[in-house]
Trainee: 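First, the structure itself, so that you have it in front of you.
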Amino acid sequence: MDDTNALIEQRRIKLAALRAKGIDPFMNKFTPDSGCGTARERFERGELPEGTPITVAGRMTAHRDMGKSQFVDVKDVTGRLQIYAQKQALGDELYDVFKHLDLGDFIGARGTLFRTKTGEPSVKLESFTILAKALRPPPEKWHGLEDTEIRYRQRYLDLMANDDVRQTFLLRSAVVKEIRAFFHDRGFVEVETPMMQAIPGGAAAQPFKTHHNALGCEFYLRVALELYLKRLLVGGIDRVFEIGRNFRNEGLSRRHNPEFTMLEAYQAFGDYETMMELVESLVKRVAQNVLGTLVIQHKNSHGEVSREIDLRTWRRVTYRDLVREKAGADWFTVTPAERRRRAIDDLKLGGDIAAGYEDFEVTGAVFEKLVEPTLIQPTFVTHLPRQLVPLAKLSPDDPETVEVFECCINGQEIAPAYTEQNDPVAQRQALEHQAGGEQQKLDEDFLVALEHGMPPAGGLGIGIDRLCMMLLGQESIRDVILFPQLKPKNH
RNA sequence: GGGUUGGUAGCUCAGCGGUAGAGCAGCGGCCUUUUAAGCCGUUGGUCCAGGGUUCAAAUCCCUGCCAACCCA
């Protein structure tokens, strides 16, 4: 990456040559009066007539040299615009400078709009300014940048070379913007709570640990937002949400990045059904306003539609019914030993079921491995076993289950939501007996907060990265995170 | 953590025991409406790193590093 080669050497020589001519190819400022793509669109729509003077700026991404004239493509975030430079118009000296610009250089261009004989909207160049000289060559123009490692480590190259990648991240930003607008419209207050926590609560996950020098104590990076947002419910912020980074010190995969973006929202005087309406409305609004459709198509590398997700209908089904669909109608009537045997022998889950697994975990493995991946269309899975969810309230109609749902789309859990536990005594017991192995330290301050009284509330979490994967048709979480975690490389 | 695949020019990739290759990019030339422009010429390499086998290794073997995918 930092080794020099002939191409870089050549560009440095060109830089020196420009300076020798009294040209500083790194400008402080240049103000275009239009975006490149914007100008192109407005010209196509007839809003800017032929001959309109225009000033644009962007990166030079292609050039077609015709001898005494030259076409170059200039690109900014709004799109591409062709510039037509003629020796006659610029004069010999300036035309020579223009001809020796490199792909990747930023230029500002002034001229008039016209249409070439092939119909391409273009700017007839009258003058130009070099805004930033690129000292390294850009990736190849036709194939783009394919090397996944360079794509992730040097995302800027990926963004400049691959239009679809840039589009994905622009859309991700639009998704997040729309989510914020949705919550603000419903009267939610956006807050920021600590990422560095003395006790990392709200989820059973391995935390990252850090040390605060001045305070002389250990902190953990948060694994969830939950416990601080609930403190705010206690404090009287009845509708509250946060979008922020969580950190989990666990494995990396197509669906897991150590830091990921979570949205959590809490609504006082709501419950899990309130949250069901909310998540459905939210996802529909985001899809409609960002993508313009409620039917999401995922495409494979050949551009064929490989999956279609219909956000118009949302199924509601209980956890038990789904497990019975996969594992047999009598699954819950046989003995725990028989369930374990069937899971291992009949359902081939031997590798997924640890010897120490309790009965509910055996069923949990069936759900996670065999049911969840099949839930492509929007599905609210309700009535989960209470052992799985220590922070939720029991279902009045079936106290073995809790008032929660997991919203699954695209074969992944996208949003869990609960009727939140607000009984401090029951909450303490549940945390003390928390299932799932890792006993987390009790957050006494949180329990004290509950003892001051938390209104009944519905709570919701949405994994923003996974939501984006679903909406934007990306198979890997790394393709919706600008700078995914990679091992540092030594040069 | 285990398995599979990959790492060759700036980029995209061939080559898979016998002199290191192509396209694009670059450089020089021709061309004033091209758009993956075209034509002629040309530069460019620690073949990921380190060991080993061999008369000979980018190629076969081992170890390591990095990445992607699958599994845990």
Side-chain angles (χ1 to χ4, degrees), chain A residues 1-14 17 36 40 50 60-75 79-92 95-96 98-105 111-125 134-158 160-163 206 250-257 300-301 348-355 357 365 368-369 373 474-479 484-491:
Chain A
M1 194 153 91
D2 28 40
D3 47 338
T4 55
N5 60 51
L7 296 177
I8 294 171
E9 196 46 44
Q10 221 145 31
R11 284 172 183 242
R12 287 184 182 279
I13 291 167
K14 284 185 178 179
C36 294
R40 189 191 161 92
E50 185 125 0
M60 216 174 94
T61 57
H63 58 180
R64 295 172 287 280
D65 186 355
M66 312 292 296
K68 294 186 181 61
S69 73
Q70 179 160 227
F71 294 94
V72 306
D73 289 344
V74 174
K75 209 159 115 181
R80 180 187 70 91
L81 184 62
Q82 177 170 271
I83 308 284
Y84 182 50
Q86 293 171 294
K87 188 169 189 172
Q88 196 176 31
L90 288 179
D92 291 2
Y95 186 72
D96 185 64
F98 191 83
K99 265 190 91 157
H100 286 87
L101 291 172
D102 286 310
L103 293 186
D105 291 353
T112 52
L113 284 168
F114 78 109
R115 195 182 288 281
T116 65
K117 68 180 183 190
T118 56
E120 177 82 13
S122 307
V123 175
K124 194 164 282 180
L125 190 64
L135 294 179
R136 289 169 184 266
E140 204 243 13
K141 64 179 176 185
W142 184 244
H143 297 91
L145 183 64
E146 300 278 342
D147 185 307
T148 48
E149 191 171 350
I150 300 177
R151 286 187 47 227
Y152 296 151
R153 284 191 199 280
Q154 295 175 271
R155 181 70 91 180
Y156 48 92
L157 294 177
D158 194 22
M160 84 174 73
N162 299 322
D163 288 343
Q206 287 300 310
E250 293 163 5
L252 289 73
S253 81
R254 210 162 57 79
R255 300 162 181 234
H256 299 87
N257 196 62
N300 63 19
S301 51
K348 314 284 183 225
L349 289 174
D352 300 306
I353 293 173
Y357 266 22
E368 195 181 314
K369 296 294 169 185
Q474 298 300 320
E475 296 289 309
S476 170
I477 196 168
R478 295 185 192 95
D479 292 324
Q485 214 74 42
L486 293 179
K487 201 159 173 173
K489 199 167 184 177
N490 306 315
H491 289 98

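Owing to the predicted nature of the structure, the values given are computational and were not obtained by experimental measurement. Order of the sequence lines fixes the chain letters, A, B, ..., with proteins taken first and strands second; residue numbering starts at 1 for each chain.
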Trainee: With both distances kept under 3.5 Å, what pairs with B:rU42, Watson-Crick or G-U wobble?
Mentor: B:rG26
Trainee: Let's test this: given Watson-Crick or G-U wobble pairing with both distances under 3.5 Å, identify the partner of B:rC55.
Mentor: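 Pairing partner, where one exists within any strand: B:rG18.
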Trainee: Examine B:rA72: is either OP1 or OP2 under 4.0 Å from a nitrogen or oxygen in the side chain of A:His256? Give yes or no.
Mentor: no
Trainee: Which nucleotide, if any, forms a Watson-Crick or G-U wobble pair with B:rC31, using both distances under 3.5 Å?
Mentor: none
Trainee: For A:Leu486 and B:rC66, what is the distance between atoms CG and P respectively, to the nearest whole Å?
Mentor: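 Nearest whole value for this atom pair: 11 Å.
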Trainee: So which nucleotide does B:rA49 pair with, by the Watson-Crick or G-U wobble rule with both distances under 3.5 Å?
Mentor: B:rU63
Trainee: Using a heavy-atom cut-off of under 4.0 Å over every strand shown, decide if A:Phe114 touches base, sugar-phosphate, or nothing.
Mentor: base
Trainee: Examine the base of B:rU33 for any acceptor or donor lying under 3.5 Å from a partner atom in the side chain of A:Thr118, and report the outcome as yes or no.
Mentor: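 Counting by modelled atom types and ignoring angles, no donor-acceptor contact under 3.5 Å is found here.
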Trainee: Base, sugar-phosphate or nothing for A:Arg11? Non-hydrogen atoms, less than 4.0 Å.
Mentor: nothing
Trainee: On a plain distance test, is the side chain of A:Gln82 in donor-acceptor contact with the base of B:rU34 below 3.5 Å?
Mentor: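 Answer yes: a donor N or O sits under 3.5 Å from an acceptor.
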Trainee: Any donor-acceptor pair, under 3.5 Å, between the side chain of A:Glu120 and the base of B:rU35, if you only look at N and O atoms?
Mentor: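 Such a pair is found, so the answer is yes.
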Trainee: If B:rU4 has a Watson-Crick or G-U wobble mate with both distances under 3.5 Å, name it; if not, just say none.
Mentor: B:rA68
Trainee: Can you tell me how far C1' of B:rA36 sits from CZ of A:Arg80, to the nearest Å?
Mentor: 12 Å
Trainee: Do the side-chain N or O atoms of A:Lys141 get closer than 4.0 angstrom to the phosphate oxygens (OP1, OP2) of B:rU35?
Mentor: no
Trainee: When the distance from CD of A:Gln485 to P of B:rA68 is rounded to whole Å, what number comes out?
Mentor: 12 Å
